[in-house]
Amino acid sequence: MQGRLITFEGIDGAGKTTQLQWVRSWLADAGWARSLVATREPGGTGIGRHLRSVLLQVNDEVLDDRAELLLYAADRAQHIAQVIEPALAEGQWVLCDRFTDSTFAYQGFGRGLEMGLVEQSVRMATQGLQPDLTLWFDVDPEMAAKRRQDRAGGGTDRLEAAGLAFQKRTRQGFQELATQFPGRIVQVDGNQELEAVFVIVKEILEPRLKQWLSEDLMEVS
Ligand code: Z5A
């Protein structure tokens with residue numbers, strides 16, 4: 001049985017973390033006969049959690065944009081080696097909160113780093129591993145900012161503090177990636193109520209998961 005990598009992407013406050021948790025429960029409860037791993041970037045490993053706090057904490061010292069890019073790459077290389085690849089090798093379905101598209105959208109489009117550099121860092125970390133499917137939760141940046149403000153106990157991290165113009169550039173980045181990879185990245189209208197978004201997510205996932213299961217069966221027979 002072949003492992004599959006499904007990534008959840010979007011600007012901060014797009015709702016991807018909530019939807020990932022709902023998908024995880026739905027898949028487990030509906031008996032899709034496949035073990036699951038839910039994980040995230042940055043911070044999907046012990047080492048990654050250290051890197052996450054360096055990346056997200058607001059600090060007196062300014063983190064250089066290229067240093068930031070390399071820290072995301074380091075987090076990803078460790079995450080793939082320690083969590084994602086072993087799970088895929090066992091035939092598991094891996095649900096990952098953010099992956100390479102975030103690097104292109106945030107460091108490339110948001111920060112404005114040269115795309116060649118971003119690509120190099122992604123290639124070094126992934127060695128060519130790509131998601132089988134990416135759900136891009138597309139929300140209006142103003143609405144996403146309001147959700148983050150409303151979130152109980154929510155402080156502002158370093159990237160959120162970069163402001164609305166940064167989030168708009170990042171959203172534009174996801175838009176361009178979705179145009180570039182139409183088979184892999186599926187846009188989900190995240191502006192709707194949580195439950196309505198989840199209905200769309202299930203409509204996208206169901207046929208894909210069935211297709212993957214039937215491909216596995218064909219391989220076995
Ligand atoms: N980053 C990067 O720059 N480069 C990279 O390569 C990678 C990451 C991998 C941490 O990511 C940061 O890392 C992130 C990008 C950068 N920038 N920041 N900041 P993260 O995923 O850990 O953090 P986040 O994106 O800020 O997560 P988030 O704020 O938790 O957003 P979310 O996961 O999209 O949303 P949520 O947690 O599901 O929902 C947020 C709130 O909105 C919550 O109260 C929900 O109940 C509410 N919500 C969600 N959906 C709805 C709907 N549909 N209606 C109403 N309310 C909703």
Side-chain angles (χ1 to χ4, degrees), residues 5 7-24 38-45 48-49 51-58 63-80 83-84 95-113 117-126 131 134-164 166-167 169-171 173-174 177 188-201:
L5 175 59
T7 58
F8 292 64
E9 296 278 12
I11 59 170
D12 314 338
K16 60 192 172 38
T17 306
T18 308
Q19 295 294 333
L20 186 152
Q21 294 307 334
W22 286 14
V23 167
R24 179 195 207 176
T39 186
R40 70 168 179 183
E41 291 191 359
T45 63
R49 282 186 280 285
L51 294 172
R52 183 181 173 91
S53 67
V54 174
L55 280 161
L56 298 188
Q57 265 167 24
V58 180
L63 182 63
D64 177 76
D65 289 349
R66 282 174 309 153
E68 180 186 73
L69 176 71
L70 292 170
L71 288 173
Y72 280 114
D75 170 75
R76 181 163 302 131
Q78 184 67 28
H79 188 213
I80 289 173
V83 177
I84 298 181
L95 311 178
C96 189
D97 194 341
R98 295 198 182 281
F99 195 60
T100 47
D101 296 307
S102 281
T103 312
F104 287 107
Y106 280 86
Q107 279 64 55
F109 289 86
R111 296 284 190 224
L113 277 173
L117 277 185
V118 178
E119 264 173 41
Q120 267 182 357
S121 78
V122 165
R123 214 173 317 120
M124 191 188 296
T126 61
T134 297
L135 300 174
W136 165 41
F137 295 89
D138 183 23
V139 291
D140 173 50
E142 270 105 353
M143 178 180 282
K146 170 139 193 358
R147 283 184 191 164
R148 293 197 308 271
Q149 271 167 15
D150 293 349
R151 183 169 42 191
T156 301
D157 69 30
R158 220 174 46 77
L159 275 94
E160 287 169 353
L164 194 59
F166 177 78
Q167 296 295 334
R169 289 197 299 279
T170 303
R171 187 205 160 265
F174 282 119
L177 289 162
V188 179
D189 179 3
N191 294 300
Q192 307 180 46
E193 294 287 310
L194 272 168
E195 288 75 12
V197 178
F198 188 50
V199 169
I200 302 173
V201 167

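Start at 1 and go down the list; that is how both ligands and their atoms are numbered. In this chain, residues are counted from 1 in sequence order.
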(message) Need the ligand 1 atom indices (1-based, order shown) with element for anything under 4.0 Å from a heavy-atom of R52.
(response) 22 (O)

(message) Between ligand 1 and G13, can you find any atom pair, the residue atom being a heavy atom, that is separated by under 4.0 Å?
(response) yes

(message) Using a 4.0 Å cut-off to any heavy atom of E193, which atoms of ligand 1 qualify?
(response) 53 (N)

(message) Taking the basic N atoms (NZ, or NE/NH1/NH2) and the acidic carboxylate oxygens, is any pair closer than 4.0 Å for D12 and R98?
(response) yes

(request) List the steps, then state whether side chain to side chain contact (heavy atoms under 4.5 Å, CB included) holds for Q167 with R171. (result) CA-CA 6 Å; Q167 296 295 334; R171 187 205 160 265; over 6 Å; no

(request) Just jot down the ligand 1 atoms closer than 4.0 angstrom to any heavy atom of E41, in number order. (result) 9 (C)

(message) Before you tell me yes or no, could you show the steps for F99 and E41 under side chain to side chain contact (heavy atoms under 4.5 Å, CB included), namely the whole-Å CA-CA distance, both residues' side-chain angles and the distance that decides it to 0.1 Å?
(response) CA-CA 6 Å; F99 195 60; E41 291 191 359; 3.4 Å; yes

(request) Please name the pair of heavy atoms, one in S121 and one in T103, separated by the smallest distance, quoted to 0.1 Å. (result) OG-CG2, 4.5 Å

(message) List ligand 1 atoms under 4.0 Å from I11, heavy atoms only on the residue side.
(response) 34 (O)

(message) Can you check which of Q167, R147, R148 brings a heavy atom nearest to atom 56 (N) of ligand 1?
(response) R147

(request) Show which atoms of ligand 1 fall inside a sub-4.0 Å distance from at least one heavy-atom site of Q192. (result) 52 (C), 53 (N), 54 (N)

(message) Suppose we screen for salt bridge (Lys or Arg N to Asp or Glu O under 4.0 Å). Which residues come up paired with D189, at least two apart in sequence or across chains?
(response) none

(request) Report the residues that fulfil side-chain contact (heavy atoms from CB on, under 4.5 Å) with L117, sequence neighbours left out, ordered by chain and then residue number. (result) R66, L69, E114, Q120

(request) Pick, from F137, Y72, Y106, the option with the minimum heavy-atom distance to atom 13 (O) of ligand 1. (result) Y72

(request) Below 4.0 angstrom from a heavy atom of T103, which ligand 1 atoms are there? Numbered from 1 as shown, please. (result) 5 (C), 6 (O)

(request) Give the numbers and elements of all ligand 1 atoms closer than 4.0 Å to a heavy atom of R76. (result) 6 (O), 9 (C)

(request) Could you tell me whether R98 approaches ligand 1 through its side chain, its backbone, both or neither, with non-hydrogen atoms closer than 4.0 Å? (result) side chain

(request) For Q107, take its heavy atoms, then give the atoms of ligand 1 lying under 4.0 Å from any of them. (result) 2 (C), 3 (O), 4 (N), 5 (C), 6 (O)

(message) Minimum heavy-atom separation for G110 and F166, please, with both atom names.
(response) C-CE1, 3.3 Å

